[in-house]
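Below is one structure, written out as structure tokens; the observations come after it.
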Amino acid sequence: MSTPMVHADRVRKSFGTHEVLKDISLSVNKGEVMCLIGPSGSGKSTFLRCINHLEEVNAGRLYVDGVLVGYREVNNKLHELKASDAAHQRSDIGMVFQKFNLFPHLTALENVIAAPTIVKKIDKDVATKKGKELLERVGLSSKMEHYPAHLSGGQQQRVAIARALAMEPKLMLFDEPTSALDPELVGEVLDVMKTLAKTGMTMIVVTHEMGFAREVADSMVFMDDGRVIETGTPDSVLLSPQNERTKSFLSKVL
């Protein structure tokens with residue numbers, strides 16, 4: 001068996017006395033698209049943030065492509081990596097947030113090439129050529145010199161996807177990427193994500209877009225109250241849920 005792209009082993013995470021993740025164990029294979037669904041506050045976004053060590057875990061282990069995330073292990077004890085080493089790990093993981101987080105003083109193209117030139121020290125001409133290709137890929141070839149304030153929400157989110165891809169990540173994390181968009185703009189972002197999935201990119205997507213999840217995902221995980229309640233194919237989870245909590249949730253959103 002090949003090494004999973006993501007492997008979580010009994011991951012726990014608390015904020016103060018509030019336990020947000022309770023023994024999360026799951027694996028995502030290379031080239032797989034996994035969708036995480038569940039009510040707000042169930043731990044989905046926190047789990048994504050733990051995968052690239054934006055949040056520390058309190059117990060358990062998280063691996064990306066076989067490498068322990070955020071820590072080194074010595075004699076069964078975890079030692080947190082230096083910030084620079086954690087940042088280096090994180091450069092292999094692209095993340096797209098609910099909010100677009102674009103630099104307002106940079107054009108779309110400048111937003112896309114900033115990280116490759118600054119973090120990876122890629123030659124600016126090389127990064128610019130790649131950046132133009134990525135913006136064309138997400139349907140924004142005519143908006144390269146536009147600033148975020150002059151782009152719609154859907155266009156800004158597509159720039160954010162291109163920016164993440166510019167780092168040539170091995171894994172893409174999407175945290176409800178359409179939740180801040182007007183309904184009529186959701187489709188243009190989902191179309192880009194569908195195309196990306198077809199290229200074989202490993203993706204974990206937190207989403208409330210059940211139609212998208214059913215069409216694109218290879219696997220689906222329903223989370224509630226910090227736990228994995230049910231896993232399976234999208235059809236099995238959405239059409240034939242086994243757990244009563246899953247049934248109750250889906251009856252309200254489908």
Side-chain angles (χ1 to χ4, degrees), residues 33 35-36 40 44-46 48-49 51-55 83 86-199 201-209 212 216:
V33 177
C35 282
L36 304 182
S40 297
K44 307 181 301 295
S45 295
T46 298
L48 280 198
R49 292 173 64 83
I51 291 174
N52 64 3
H53 202 58
L54 290 175
E55 297 287 354
H88 178 72
Q89 277 191 340
R90 200 176 291 125
S91 68
D92 285 332
I93 304 171
M95 187 159 183
V96 178
F97 300 86
Q98 298 177 33
K99 302 295 184 182
F100 323 121
N101 298 329
L102 299 179
F103 295 115
H105 63 290
L106 300 181
T107 65
L109 180 58
E110 288 169 341
N111 265 282
V112 171
I113 70 172
T117 54
I118 296 170
V119 178
K120 288 196 168 182
K121 311 298 182 186
I122 293 175
D123 178 79
K124 186 174 181 181
D125 289 341
V126 174
T128 298
K129 181 174 184 292
K130 177 73 172 177
K132 289 179 177 179
E133 291 172 356
L134 287 169
L135 285 170
E136 185 173 354
R137 183 172 163 188
V138 299
L140 292 174
S141 56
S142 65
K143 304 291 185 181
M144 295 185 189
E145 301 306 321
H146 286 56
Y147 290 91
H150 300 134
L151 298 173
S152 71
Q155 289 168 342
Q156 289 186 61
Q157 194 60 296
R158 285 186 279 157
V159 173
I161 293 172
R163 178 181 60 182
L165 292 174
M167 292 293 282
E168 300 185 334
K170 61 178 70 173
L171 168 66
M172 284 286 287
L173 308 175
F174 293 88
D175 186 9
E176 297 190 40
T178 60
S179 65
L181 300 178
D182 292 334
E184 64 215 36
L185 302 177
V186 168
E188 64 189 55
V189 174
L190 294 181
D191 285 344
V192 169
M193 293 171 64
K194 290 174 187 176
T195 301
L196 182 59
K198 291 176 183 175
T199 68
M201 174 64 73
T202 310
M203 298 164 57
I204 305 179
V205 184
V206 173
T207 185
H208 294 294
E209 302 289 340
F212 164 82
V216 175

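Not measured: the values here are computed from a predicted model.
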Report task. Answer whether the closest heavy-atom distance between the side chains of Ile93 and Lys170 falls below 4.5 Å. Result -> no

Query raised in the report: Asn52 versus Gln89: any side-chain heavy-atom pair under 4.5 Å?
Result: no

Report task. Could you check Lys130 against Leu135 for side-chain contact (heavy atoms from CB on, under 4.5 Å), going step by step and ending with a plain yes or no? Result -> CA-CA 9 Å; Lys130 177 73 172 177; Leu135 285 170; over 6 Å; no

Enumerate donor-acceptor pairs with a distance under 3.5 Å from any side-chain N or O in residues 102-116 to protein atoms, sequence neighbours excluded.
unit_1: Thr107; atom_1: OG1; unit_2: Glu110; atom_2: N; d: 3.1
unit_1: Thr107; atom_1: OG1; unit_2: Glu110; atom_2: OE1; d: 3.4
unit_1: Glu110; atom_1: OE1; unit_2: Thr107; atom_2: N; d: 2.9
unit_1: Asn111; atom_1: OD1; unit_2: Phe103; atom_2: N; d: 2.8
unit_1: Asn111; atom_1: ND2; unit_2: Phe103; atom_2: O; d: 3.1
unit_1: Asn111; atom_1: ND2; unit_2: Leu106; atom_2: O; d: 3.1
unit_1: Asn111; atom_1: ND2; unit_2: Thr107; atom_2: O; d: 3.1

Query raised in the report: Distance-only, no hydrogens or angles: does the Glu55 side chain make a donor-acceptor pair with backbone N or O of Thr46 under 3.5 Å?
Result: no

Query raised in the report: Are Phe174 and Leu196 side-chain neighbours, meaning at least one heavy-atom pair lies under 4.5 Å?
Result: yes

Query raised in the report: Is it true that a side-chain atom of Gln157 and a backbone atom of Pro177 form a donor plus acceptor pair closer than 3.5 Å?
Result: yes

Report summary line: Value for CG (Asp123) from CG (Asp125), rounded to nearest 0.5 Å, stands at 5.0 Å

Report task. Drop me the distance from Lys132's NZ to Leu140's CG, to the nearest 0.5 angstrom. Result -> 14.5 Å

Requested in this report: Could you pull out the closest heavy-atom pair between His208 and Glu176, with the gap in Å?
Outcome: CD2-OE1, 3.3 Å

Requested in this report: Considering non-hydrogen atoms only, spot the tightest contact between Glu209 and Leu190 and give its length.
Outcome: CG-CD1, 4.1 Å

Query raised in the report: Do Ile161 and Val189 come within less than 4.5 Å of each other through their side chains, counting heavy atoms only?
Result: yes

**Report entry** Closest contact, heavy atoms only, Ala164 versus Pro169
**Finding:** O-CD, 3.4 Å

Query raised in the report: Taking C-beta and beyond as the side chain, do Met144 and Val159 meet within less than 4.5 Å on heavy atoms?
Result: no

Report summary line: Of all heavy-atom pairs linking Gly139 and Arg158, the shortest is O-NH1, 3.5 Å

Query raised in the report: More than 12 heavy atoms of other residues, nucleotides or ligands under 6.0 Å from NZ of Lys99: is that the case?
Result: no

Query raised in the report: Any idea which heavy atoms bring Arg163 and Phe100 closest together, and the distance?
Result: NH2-O, 3.0 Å

Query raised in the report: Does some side-chain heavy atom of Ser152 sit less than 4.5 Å from a side-chain heavy atom of Leu185?
Result: yes

Query - Nearest heavy atoms of Val96 and Ala160, plus distance in Å - result: CG2-O, 4.2 Å

Query - Note, Leu171 side chain near Ile51 side chain (heavy atom, < 4.5 Å) - result: yes

Report task. Using a cut-off of 6.0 Å, state whether more than 12 heavy atoms not belonging to Lys194 lie near its atom NZ. Result -> yes

Query raised in the report: Rounded to the nearest 0.5 Å, what separation is found between the OG atom of Ser45 and the CG atom of Leu54?
Result: 11.5 Å

Query - Positive for side-chain contact (heavy atoms from CB on, under 4.5 Å) with Val119, one of Met167, His88, Arg90 - result: Met167

Report task. Hey, could you give me the CG/NE2 distance between Leu151 and His146, rounded to the nearest 0.5 Å? Result -> 6.5 Å

Requested in this report: Using modelled atom types only, decide if a donor and an acceptor are shared between the side chain of Asp182 and the backbone of Glu184 within a distance under 3.5 Å.
Outcome: no

Query - Residues Lys129, Glu133: salt bridge by 4.0 Å N-O rule - result: yes

Requested in this report: Report yes if the side chains of Val205 and Cys35 come closer than 4.5 Å at any heavy-atom pair, otherwise no.
Outcome: yes

Query - Asp92 backbone acceptor or donor facing Glu168 side chain under 3.5 Å - result: no

Report task. Before giving the answer on side-chain contact (heavy atoms from CB on, under 4.5 Å), spell out for Met95 and Arg49 the whole-Å C-alpha distance, their side-chain angles and the decisive distance to 0.1 Å. Result -> CA-CA 9 Å; Met95 187 159 183; Arg49 292 173 64 83; 4.0 Å; yes

